[in-house]
Amino acid sequence: MSRVNGLHHITAIAGAAQENLDFYAGVLGMRLVKRSVNQDDPGTYHLFYADAEGHPGSDLTFFPWAHMAPPRLGHGLAVEVALEVPGGSLEHWGARLERYGITIGTIERRIGERVLPLVDPHGLRIALTEPARPPLRRFTPWEGSTVPAARQIRGLYGARLWERNPQATAAFLEQTLGFNAFATEDGWTRYAAPGAAGIIDVRASPEPRRGAWGVGSVHHLAWRVDDEPHQLEVRSRVEAAGARPTPVIDRFWFKSVYFTEPGGVLFELATDGPGFSVDEDAGHLGEALILPPWLEGQRAEIEHVLPRISLPTTRFAESSTHDR
Ligand code: ZN
């Protein structure tokens with residue numbers, strides 16, 4: 001069976017773009033690898049944060065829709081994003097986050113792994129996670145980061161989903177996308193594609209209502225496929241399972257297919273290539289506004305409506321005294 005290769009990216013909804021940039025590039029030290037626009041709503045940025053090279057599976061992306069209300073928590077929603085950090089780094093992270101006034105929880109254990117929960121400035125729940133197993137994905141440290149290479153975020157670790165009917169989602173994950181369930185704890189069941197980075201934790205929703213997107217919620221989860229033939233193969237399996245996938249959409253840095261899983265969470269199948277350096281120099285990713293070719297003709301209007309943003313300054317860099 002042709003399964004997906006774990007997580008490709010996760011996209012969430014943010015508030016003001018500059019605050020989002022300050023937190024993810026400044027405080028968390030991720031690299032802004034693409035500064036673009038939402039292709040369906042080009043008056044809104046699409047900001048991509050990743051490792052230095054933007055490896056598939058390392059990127060968390062945002063639509064800053066500052067006018068939206070907060071999300072309605074409920075079933076059919078991804079309620080938390082987990083980011084992978086190096087073993088033994090959580091105490092440093094906790095201290096750093098506190099210095100910038102970020103709301104953090106206490107370090108907890110989830111299925112044998114240490115996790116530091118926090119809430120980003122716009123309400124998105126993030127779980128910094130020290131994985132128990134060796135890395136399953138390539139990582140390139142970002143030398144321009146505000147965080148030393150030894151503690152930098154390694155990319156996406158996974159996400160948590162609330163579902164009304166977890167069995168229906170489980171059957172879809174296992175039979176259609178090729179995930180295996182490998183642990184259950186505190187009501188959460190964890191699924192992963194064998195040998196691939198990116199887990200998904202599913203539980204019965206504690207809220208009887210349907211969840212809805214808002215500022216601080218996850219918008220969709222994208223799963224890796226090798227190339228277009230693999231994408232079409234998985235797409236036909238998704239269709240055979242009763243979901244209604246979109247046609248292949250060219251997102252320029254990858255090709256995408258979207259569908260909702262049985263519980264209503266929006267999923268995407270995204271190809272590994274061509275990648276973020278297809279349209280700008282790898283040394284200068286994220287510095288300029290990049291538009292897909294079909295929007296270039298509207299560049300002046302688009303730049304006029306987008307808020308001005310600038311890369312975080314050195315005020316976010318760890319000083320040498322904090323670096324030990
Ligand atoms: Zn996407």
Side-chain angles (χ1 to χ4, degrees), residues 4-14 17 20 24 30-42 44-51 54-65 68 71 76-83 124 126 137 155-161 173 177 193 196-200 213-228 230-232 234-235 238 243-261 263-279 285-286 290-292 294-295:
V4 299
N5 302 323
L7 275 171
H8 185 286
H9 63 271
I10 293 179
T11 297
I13 300 170
N20 177 259
Y24 286 94
M30 298 174 80
R31 184 179 189 190
L32 181 70
V33 292
K34 194 63 64 181
R35 181 190 304 220
S36 192
V37 293
N38 179 314
Q39 293 179 13
D40 305 310
D41 175 18
T44 299
Y45 278 114
H46 192 181
L47 303 176
F48 295 71
Y49 304 95
D51 72 343
H55 284 115
S58 69
D59 51 320
L60 179 56
T61 90
F62 290 91
F63 302 136
W65 276 323
M68 275 184 99
L77 201 66
V79 296
E80 185 190 73
V81 174
L83 295 172
L124 180 65
I126 299 282
R137 178 179 55 220
L156 296 171
Y157 185 73
R160 282 184 151 184
L161 269 56
L173 290 173
L177 298 184
I199 57 96
I200 186 165
W213 292 333
V215 170
S217 77
V218 172
H219 186 270
H220 64 267
L221 311 181
W223 306 104
R224 288 175 69 179
V225 288
D226 299 327
D227 49 26
E228 281 186 83
H230 183 197
Q231 185 172 48
L232 290 173
V234 180
R235 185 187 179 282
V238 165
R244 293 188 299 168
T246 64
V248 174
I249 299 170
D250 190 354
R251 294 307 192 194
F252 205 48
W253 311 293
F254 40 82
K255 298 240 163 85
S256 299
V257 168
Y258 301 86
F259 56 94
T260 51
E261 54 82 35
V265 180
L266 184 59
F267 279 6
E268 174 184 348
L269 305 172
T271 55
D272 274 3
F276 294 118
S277 54
V278 71
D279 55 1
L285 296 177
I290 303 294
L291 298 175
W294 58 92
L295 288 175

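Remember, it's a predicted structure, so these values are computed and weren't measured experimentally. Just so you know, ligand 1 is whichever comes first in the structure, and atom 1 is the first atom listed for that ligand.
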Original post:
How is the N/O/S atom of Glu268 that comes nearest to the Zn ion (ligand 1) named?
Top reply: OE1
**OP:** Would you check if Trp223 and Ile200 make a side-chain contact, meaning some heavy-atom pair closer than 4.5 Å?
**Re:** yes
**OP:** Find the distance between CG (Leu156) and CG (Leu221) and round it off to the nearest 0.5 Å.
**Re:** 9.5 Å
Original post:
Would you say His220 has an N, O or S atom lying under 2.8 Å from the Zn ion (ligand 1)?
Top reply: yes
Original post:
In Å, rounded to the nearest 0.5 Å, how long is the span from CH2 of Trp253 to CG of Asp279?
Top reply: 6.0 Å
**OP:** Name the orientation class of the two ring planes belonging to His220 and Phe63 (parallel below 30°, tilted from 30 to 60°, perpendicular beyond 60°).
**Re:** tilted
Original post:
Mind checking whether the Zn ion (ligand 1) has an N, O or S of His9 under 2.8 Å?
Top reply: yes
